[in-house]
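All heavy atoms count here, side chains included; hydrogens, waters and symmetry mates do not. Note that the numbering runs from 1 along the sequence shown for the chain. The structure displayed is predicted, hence computed values, not measured ones. Whatever order the structure lists ligands and atoms in, that order sets their numbers, starting from 1.
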Amino acid sequence: MATRTDEARWQAVQTRDRESDGKFVFAVSSTGVYCRPSCPSKRPRRDNVTFYRLPKEAESAGFRACLRCRPQSLSGSPQQELVKAICRYIEQHLDEPVTLAQLGAEFRQSPFHLQRTFKAVLGITPKDYANSCRMNDFRQNLKAGHSVTRAMHDAGYSSTSRLYSRTASELGMDPAKYRRGAIAAPIRYTCADSPLGRILIATTDKGICSIKFADSDEELEQGLKQEFPFASRRRDDEGMAELAATLMQHMRGLEPAKTLPLDIQATAFQRRVWTYLQSIKLGETRSYSDVAKAIKHPSAVRAVAHACATNPVAVAIPCHRVVRSNGELGGYRWGLDRKKTLLDMEAAGAAAGR
Ligand SMILES: [Zn+2]
């Protein structure tokens, strides 16, 4: 017999009420599937529907979880859960090419829709994700001492030329970044005024994981979301005021930036570049080729530039202190105006401290 609660639940199902997600699930006897209230699938007939408070109750009654709305997980949006599941699937199938059509069939979505959702959450395509995982495995295998051929095979590369074309273009890129994005770590962040416009500083419990600049807080928060899509992100202006103040001091050239605790992931190559950058003294600059020589990779000038461009913590790792050999400023992820202002402030700070 239907209770009044059940009537309210049925109402929520009919209106696909997101607020009811996590409060109950509904199981459909004609399909054997259970869903969260907001599931976008076609509404079932009322007399086929049974309500359960918890996903595991529906499961012990013999229903399986809907692949579209992923009702098992009560936290996170269905899109995020879907993308997480796709990531896990890709990671388990690195030894074969996984096509969009295959993913679509596996997750019961149109390939187009699946790719769009994936990109909206992670900022890259499923194919990019697979490539970055392969690249990461390849590096791990090499580090473990396997030969290139063996490492390549184990990482799911089918031909040598394909690997080398990728290695060249991806040297210095950090595939671990995408993996880390999939980790649901708690992150606190603050947005503040800085001499370079609005700044966002984000931290895990281990240290600073991201420093960005932008014209608006909205843009900053969007960037953080793309970098750590699965992390819980909590704004904490008050709790982080002191850290923000310290960073402003660094920006004005009053203290060496090195003392800030960082929590970032890097490839071995990025780590060498970034560590070297931290040794460049306040008020000084180096050229990209100086850096390449200093880390004993004299021909890797472009890879050095790429490592500078992928620095996740602006200012704290002073990638702005690298300029072109001819004295031009070179590039800066946060804009050349910001790079110039920063260098001018540091030169003034260094002069004052002398
Ligand atoms: Zn569903």
For a distance under 2.8 Å, give residue and atom name for each protein N, O or S atom next to the Zn ion (ligand 1).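 Near the Zn ion (ligand 1), the protein supplies C35 SG, C39 SG, C66 SG, C69 SG.
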Heavy-atom count around E218 CD within 6.0 Å, excluding the residue itself: above 12? no
Please examine the side chains of R188 and M240, heavy atoms only from C-beta on, and report whether any two atoms are closer than 4.5 Å. yes
Name all pairs fulfilling the salt bridge (charged side-chain N to carboxylate O under 4.0 Å, His left out) condition that reach into residues 289-313, sequence neighbours left out, sorted by first residue then second. none
Report all side-chain donor-acceptor pairs from residues 97-116 shorter than 3.5 Å, counting only partners two or more places apart or in another chain.
from : atom 1 : to   : atom 2 : distance (Å)
T99  : OG1    : Q102 : N      : 3.0
Q102 : OE1    : T99  : N      : 3.4
S110 : OG     : H113 : N      : 3.0

Using the ring pair (Phe, Tyr, Trp, His ring centres under 6.0 Å) rule, collect all pairs that involve residues 11-52, keeping only residues at least two apart or in two chains.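 Only F24-F51 qualify under ring pair (Phe, Tyr, Trp, His ring centres under 6.0 Å).
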R43 side chain to S41 backbone, donor-acceptor under 3.5 Å: yes
